[in-house]
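Computed from a predicted model, the values in this text were never measured in an experiment. Values reported hereafter were calculated over all heavy atoms of this structure, with side chains retained and with hydrogens, waters and symmetry mates removed. Order of the sequence lines fixes the chain letters, A, B, ..., with proteins taken first and strands second; residue numbering starts at 1 for each chain.
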Amino acid sequence: MNSIPGIGTGGRITMAHGGGGTAMRALIDTLFLEAFSATPHAPQEDQARLPLEALAAGGDRLAFTTDSFVVEPLEFPGGNIGTLAVCGTVNDLAVGGARPVALSAAFILAEGLELACLRRIVASMAECAREAGVRIVTGDTKVVPKGACDGLYVTTSGVGIIPAGCNISIAAAQPGDVVLVNGTLGDHGAAILCARGDLALDVAIASDCAPLGGLVETLLAAAPGTRSLRDATRGGVAGVLSELAEASAVSLTLDETALPVRPEVVGVCDILGLEPLFLANEGKLVAVVPQTEAETALAALRAHPLGRQAAAIGTVGEAGPYGPSVVLRNAFGGRRTVTMPSGEQLPRIC
Amino acid sequence: MRFSEEFRDPALAEKLFTEIARTAEALARTRTRPITVMEVCGGHTHTIFRYGLKDRLPDTIEFAHGPGCPVCVLPMGRIDDAITLARRPEVMLTTFGDALRVPGAQGSLLQARAAGADIRMVYSPLDALELARKNPDREVVFFALGFETTAPSTALTVLRAAREGIKNFSLLCQHILIVPTLRALLEQPDFAVDGFIGPGHVAMVTGTRPYDFVATTYNRPFVVAGFEPLDILQSLLMVLRQLESGQAKVENQYARVVPPNGNPAALAAMRQVYETRADNAWRGLGNIASSGLQLRAAWSAFDAERRFPLTPHNVPDPASARCGAVLTGRIRPAECPAFGRECTPDAPLGALMVSSEGACAACYDYEGARQVA
């Protein structure tokens with residue numbers, strides 16, 4: 001049954017669910033608060049209140065980030081828009097060395113969205129937040145007429161605590177450092193391409209969507225000298241590395257044979273003329289660590305469930321005569337520059 | 001990934017590199033200028049740059065990047081035609097992904113979409129037909145691009161639309177032919193290409209016989225090639241061996257895909273649906289007689305150019321970009337004065353800078369600052 005007591009039995013979002021009246025109240029109480037709140041029946045204030053004392057005990061700086069999520073289809077193998085929204089913001093905090101504490105979640109719902117779908121997405125957000133050790137403490141919903149939005153958009157913001165002395169930065173990579181990734185590249189991008197169904201490809205690729213807070217803690221414990229961390233979402237690992245080279249004024253040399261990529265992702269990329277290095281990930285990070293800590297860092301990543309296929313993919317060198325760059329060496333001894341694509345990668349004609 | 005990994009085997013590549021170097025050295029003793037080999041297809045160009053193959057080849061071998069990248073040879077006026085159609089309120093224009101960024105005089109299809117036109121990316125003409133089925137109140141126009149590789153699937157789609165009585169589907173037909181284009185190149189008096197790495201996907205449809213004239217009339221080696229790095233290396237070696245022996249012929253390196261007679265069913269569909277255009281403009285190459293396809297009169301109901309009022313746009317190529325000289329192998333991409341300056345993948349002047357198969361984009365993407373500086 002899709003019906004929810006007090007919010008109608010149509011099984012779909014209507015304009016009334018955003019109208020500020022009883023239907024909206026019922027939607028918030030029975031769907032969002034039940035899933036997200038530890039005390040769903042307590043009086044609701046207009047803001048979440050986070051005690052400062054507990055926050056200050058964890059570190060000396062507050063990390064604050066926000067991200068909006070749109071994806072088609074809303075649900076796909078390995079996740080849905082809700083898990084993306086939780087993981088995306090948690091990971092943006094984690095790669096700053098912050099321990100994620102609390103999230104907000106603001107929803108724009110399209111009239112006609114199935115309540116059962118919304119319920120599944122909200123439930124998986126709650127589950128994902130639990131896994132990430134973070135609470136969703138405040139939120140909002142709006143409803144727009146059918147056609148004004150593609151089913152459902154979510155914006156999450158998050159705060160976390162950065163421990164004293166932790167200074168991870170995109171600008172901190174130094175010649176001699178080693179570049180690591182925690183697993184296979186491009187799974188999320190390939191999963192979404194396949195889930196859209198226009199390719200008629202019969203392959204099962206699941207998104208890698210996962211919260212990386214625990215993995216980052218493990219890494220930092222093993223390699224406290226870690227210089228840079230970034231989650232490799234839109235633009236892929238190539239996008240992160242280009243930014244890293246630019247910000248740290250260094251050149252990066254990658255070993256193509258060391259890049260972990262699933263064979264089925266290679267296959268999808270071959271068919272469409274895309275590159276795994278540029279495909280989005282939702283549970284992958286790039287870490288730059290000093291050479292002296294590289295081995296322990298890699299071992300620590302591989303010992304974690306989200307880092308089993310971690311690999312050292314390249315090294316940091318001085319910027320060349322033409323400035324910072326990312327260069328890929330392949331198995332044939334050839335080399336090529338990895339540049340940021342100007343927009344989205346577009347499939348080739350033939 | 002059986003069937004692609006084995007064609008990317010570094011140990012086998014090493015043997016080929018050694019043999020290529022040996023043959024090139026022997027050839028170099030008999031000539032004063034480098035050996036120039038044209039890879040006809042954009043797919044070949046992409047592989048050469050993607051795998052950095054040039055880094056491992058002797059300096060005495062140069063690649064000329066040929067005209068076989070369908071979006072690269074798309075004239076600006078044709079993009080403007082497509083935009084004009086897409087701006088009609090009843091039209092939903094559909095096309096392949098990498099055509100969306102190609103600049104016309106009035107901007108690109110992506111820009112037209114941002115300005116409100118209904119433009120959709122599809123993976124095949126059948127996807128466009130499906131959109132026509134699902135949107136009976138819209139006029140779905142498929143901007144049909146590509147060589148003999150994609151022309152048959154468009155032809156089969158027209159036949160299916162006719163069979164199913166679908167009335168709201170039509171083509172803006174920009175299919176083009178590689179054979180007349182190769183002949184036009186070879187006719188140019190200063191065409192300095194010594195041999196060809198021939199188009200594998202086109203030959204899958206046409207077979208290898210249509211290229212015989214390259215060897216018999218123009219005395220140039222022609223090796224139909226696959227698209228993996230080992231395919232390219234092996235084909236290059238086959239071209240060099242022909243040059244060494246002094247005997248030009250058509251060979252088929254891509255026999256695992258290309259039958260000598262091609263694909264008769266695909267060729268029959270093409271004959272049934274298309275006729276050649278008397279005159280066809282190419283970006284960078286000018287007009288080449290009988291090098292383009294249009295729908296036969298019997299299928300005019302599916303011809304967007306007859307269905308909608310459309311005055312064809314004729315736009316000269318931008319003067320500062322030397323796309324034509326790159327396409328004919330006269331200069332390398334980085335030798336064009338606009339390369340990496342006014343013309344970049346972010347703001348392409350010429351279409352060679354648009355598609356990842358375009359010689360300039362491939363060179364810029366994969367060799368980057370090394371070339372511009």
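Proximity to chain A (any heavy atom under 4.5 Å) is restricted, for F17(B), to the side chain, taken from C-beta onward.
To the nearest 0.5 Å, atoms CG (L233(B)) and CZ (F332(A)) are separated by 7.0 Å.
Dense packing is recorded around CZ of R302(A), with more than 12 heavy atoms of other residues, nucleotides or ligands lying under 6.0 Å away. Enclosure of atom CD in E130(B) by more than 12 non-hydrogen atoms of other residues, nucleotides or ligands within 6.0 angstrom is indicated. The neighbour count for R160(B) CZ, taken as heavy atoms of other residues, nucleotides or ligands under 6.0 Å away, does not exceed 12. The number of heavy-atom neighbours closer than 6.0 Å to CZ of R332(B), taken from other residues, nucleotides and ligands shown, is 12 or below. Around atom CD of E318(A), no more than 12 heavy atoms belonging to other residues, nucleotides or ligands sit under 6.0 Å away.
By the 4.0 Å N-to-carboxylate-O rule, R8(B) lies too far from E256(A) to be salt-bridged with it.
With hydrogens and angles disregarded, a donor-acceptor distance shorter than 3.5 Å links the side chain of R336(A) to the backbone of R50(B).
At least one side-chain heavy atom of L272(A) sits under 4.5 Å from a side-chain heavy atom of Y123(B).
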